[in-house]
K.L.:
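Got a structure here, written out as structure tokens. Questions coming.
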Amino acid sequence: MSRDAPIEPSREELLALIAAQAAQIAALTARIAELERRLGLDSSNSGKPPSSDGLKKPVRVRSLREPSGQAPGGQKGHPGETLRQVQTPDVIVDHYPQACARCGTALTAAMARSHGARQVFDLPEPRPLVVTEHRAHVCCCPSCGARTPAAFPAGVAAPVQYGPRIGAFVVYLLHGHFLPEDRLAELMRDLFGVRLVPATIARMSRSCADRLKSFVQAVCAHVAGAKVKHMDETGFRICGRTQWLHIASTALLTIYRVCAGRGSVWDNVIGIAVHDHWKPYYTMKGVLHALCNAHHLRELKALIEIDKEDWARRMQILLRRACHAANLARERGGALKPRLIARIERRYDAIVAEGLAFHRALPRLPRAQRRGWKPHRVGHNLLSRLELRRNDVLRFLHDPQVPFTNNQAERDARMMKLRQKISSGFRSQDGAETFAIIRSVLSTAKKQGWDLIATLMHDPEILLQSLKTA
């Protein structure tokens, strides 16, 4: 045999090579499938925010809601917001015809017999600031001759200062509508002739937050003690670092809290916590849980459209019908009948069992590393959650006060994301905490039906006396 002749591999070496190539092909195939699945995810079938859809945002022709069969717009019984005439207008302008339309005879106001009325609603002319001078007089006692000065009212502490209404208006625009400080100063100058600098605006904001801190603490205690509360969290930047804004709310109350770590869950919480299956919430002691089924419906939609898993379609239909039945029972002031609940739960268990059997029959995914957990497909992970947290997923069937979704907390978190889009993060920890306090007050006041400007001016004790918690 020549020395340069190639050495042919043995049969064992060829089999080992084929096995290695087959394993590599399986891993690459799984990787390609995972990447294709990620490309198919958007805000309609996953937890991704709508802002991540970019310019290729999908056409919203399909919704997680089922058609109601009713015409769009306000339904029968809705009070509406139509502009209506008032009984006592501020200004009345009379108009009389100059001459008779038939013969041309001159007409006067004394000849009027009836009239038609049309009202125009408009803003008044901006007026200059009202300046109130407080004079603390010094009186001389006729008996001993001592001179006693009067005290200035509380809050009047400087020779010149802005009043509480201007401060409330500035804080409302800053934290209620997220106007940047420079634009807010320009608006106040153009509309009201009030010349502010960013430092003054920041001082007004801090002063308002310090005054209302006791009110926010009381609201936090009410939310923690409520029977059902909604929880969520979102990240935002403070001093160049990622921190977290935690939200806890009810239909009437909202509380925001700034935390350095995402896992800082709420303390002294009782009752039922509605959330999106973020695992640290399960570390709270003595709390029942209800999971957001809107998240489940989005995940099921991705499994139907991308992975073509039939069990997901059946589970999606079941959850929608269960939601509809629970809503009808709630509107009628009652609860679902036990027999109907049992039927839904039996169907739920059967679908989960079918889905798990389907996934267990599939070939296993290759491990990314030698050690660690065996990877499962997305559908298998969802099925495991639906099986393990069955009572939390279906808690809305047993308690009419438990909603189907966690939309309340997500609506309360939406304003934070809007603030983030407009002004990015916060340059100081104090600024972020001030924002959390004032947003808690504004959101709660809106739910209570209070006047927002008056709320920012009121004493916290007066606000607590009129606070509705249920």
Side-chain angles (χ1 to χ4, degrees), residues 51 81 121-132 155 157-158 160-216 219 234 236-238 245 247 249 253-258 411-460 462-463:
S51 58
E81 298 293 338
F121 292 70
D122 204 350
L123 290 172
E125 286 282 343
R127 294 183 296 178
L129 294 181
V130 176
V131 180
T132 302
V160 290
Q161 66 184 67
Y162 289 116
R165 186 171 297 278
I166 288 181
F169 198 81
V170 166
V171 171
Y172 171 67
L173 292 176
L174 180 65
H175 296 294
H177 293 275
F178 314 118
L179 284 182
E181 292 176 351
D182 291 338
R183 288 177 55 198
L184 176 54
E186 183 180 355
L187 181 146
M188 296 296 293
R189 182 179 66 249
D190 294 342
L191 293 184
F192 307 110
V194 177
R195 298 185 177 276
L196 301 173
V197 295
T200 302
I201 294 174
R203 185 169 62 251
M204 289 178 173
S205 180
R206 286 195 303 270
S207 176
C208 182
D210 292 340
R211 184 170 52 83
L212 294 172
K213 187 178 296 184
S214 61
F215 173 79
V216 173
V219 171
T234 183
F236 67 140
R237 303 286 286 179
I238 302 176
L245 185 77
I247 302 102
S249 63
L253 307 170
T254 306
I255 189 73
Y256 298 93
R257 185 186 64 176
V258 177
R411 284 194 295 266
D412 293 328
R414 191 171 298 148
M415 288 295 99
M416 177 58 223
K417 306 311 291 184
L418 180 60
R419 167 39 172 97
Q420 203 170 10
K421 289 179 182 178
I422 295 173
S423 301
S424 186
F426 295 90
R427 287 177 290 181
S428 69
Q429 188 75 26
D430 290 341
E433 293 176 355
T434 295
F435 170 82
I437 292 173
I438 295 178
R439 278 304 310 178
S440 299
V441 174
L442 290 175
S443 180
T444 299
K446 187 171 293 186
K447 293 178 179 180
Q448 299 280 329
W450 297 343
D451 180 271
L452 298 182
I453 300 298
T455 298
L456 294 173
M457 296 170 57
H458 274 323
D459 183 85
I462 297 176
L463 296 176

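Heads up: numbering here begins at 1 and tracks the sequence. Note: hydrogens, waters and symmetry copies are ignored here, and every other heavy atom, side chains too, is used.
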K.L.:
Looking at residues at least two apart in the chain, or sitting in another chain, which of them share a side chain to side chain contact (heavy atoms under 4.5 Å, CB included) with A432?
P.N.:
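If we apply the side chain to side chain contact (heavy atoms under 4.5 Å, CB included) test to A432, skipping adjacent residues, the hits are F236, I238, V258, F426.
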
K.L.:
Look up atom CZ in R414 and atom CG in L418, then write down how far apart they are to the nearest 0.5 Å.
P.N.:
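Reported to 0.5 Å precision, the distance equals 10.5 Å.
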
K.L.:
Between CE of M415 and OG1 of T234, what distance do you get to the nearest 0.5 Å?
P.N.:
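Here the interatomic distance stands at 12.5 Å.
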
K.L.:
Do you know the tightest heavy-atom contact between L456 and A168?
P.N.:
CD1-O, 3.4 Å

K.L.:
For I166, give me all partners under side chain to side chain contact (heavy atoms under 4.5 Å, CB included), at least two apart in sequence or on another chain.
P.N.:
L129, Y162, V170, M188, V194, M204

K.L.:
With heavy-atom distances below 4.5 Å as the criterion, would you say the side chains of I438 and L174 are in contact?
P.N.:
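No; the side chains remain at least 4.5 Å from each other.
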
K.L.:
Quick one: pull up CG in L442 and CD1 in I437 and give me the separation to the nearest 0.5 Å.
P.N.:
12.0 Å

K.L.:
For residues 175-186, which residue pairs pass the side chain to side chain donor-acceptor pair (under 3.5 Å) check, not counting sequence neighbours?
P.N.:
Y172-H177, H175-S205

K.L.:
Check whether any side-chain heavy atom of F178 lies under 4.5 Å from a side-chain heavy atom of K421, and answer yes or no.
P.N.:
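Not in contact.
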
K.L.:
Using every non-hydrogen atom in the two residues, find where H458 and L212 come nearest and quote the distance to one decimal.
P.N.:
O-CD2, 4.3 Å

K.L.:
When rounded to the nearest 0.5 angstrom, what distance separates CD in Q420 from NZ in K417?
P.N.:
4.0 Å

K.L.:
Among pairs that include at least one residue of residues 192-214, which meet salt bridge (charged side-chain N to carboxylate O under 4.0 Å, His left out), considering only residues two or more places apart or in two chains?
P.N.:
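Every pair satisfying salt bridge (charged side-chain N to carboxylate O under 4.0 Å, His left out) with a residue in residues 192-214: there are none.
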
K.L.:
Can you list every side chain to side chain donor-acceptor pair (under 3.5 Å) pair that touches residues 434-447, not counting sequence neighbours?
P.N.:
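Sorted pair list: T254-S443, T254-K447, D412-K447.
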
K.L.:
Could you pull out the closest heavy-atom pair between P460 and F215, with the gap in Å?
P.N.:
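Reported closest heavy-atom pair: CB-CB, 4.0 Å.
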
K.L.:
The criterion is side chain to side chain donor-acceptor pair (under 3.5 Å); which residues satisfy it with Q448, sequence neighbours excluded?
P.N.:
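For Q448 there are no side chain to side chain donor-acceptor pair (under 3.5 Å) partners, ignoring immediate neighbours.
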
K.L.:
From the options L196, V171, L173, select the one residue that forms a side-chain contact (heavy atoms from CB on, under 4.5 Å) with L184.
P.N.:
L173

K.L.:
With sequence neighbours left out, what residues match R237 under side chain to side chain contact (heavy atoms under 4.5 Å, CB included)?
P.N.:
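Checked R237 against side chain to side chain contact (heavy atoms under 4.5 Å, CB included); matches are T242.
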
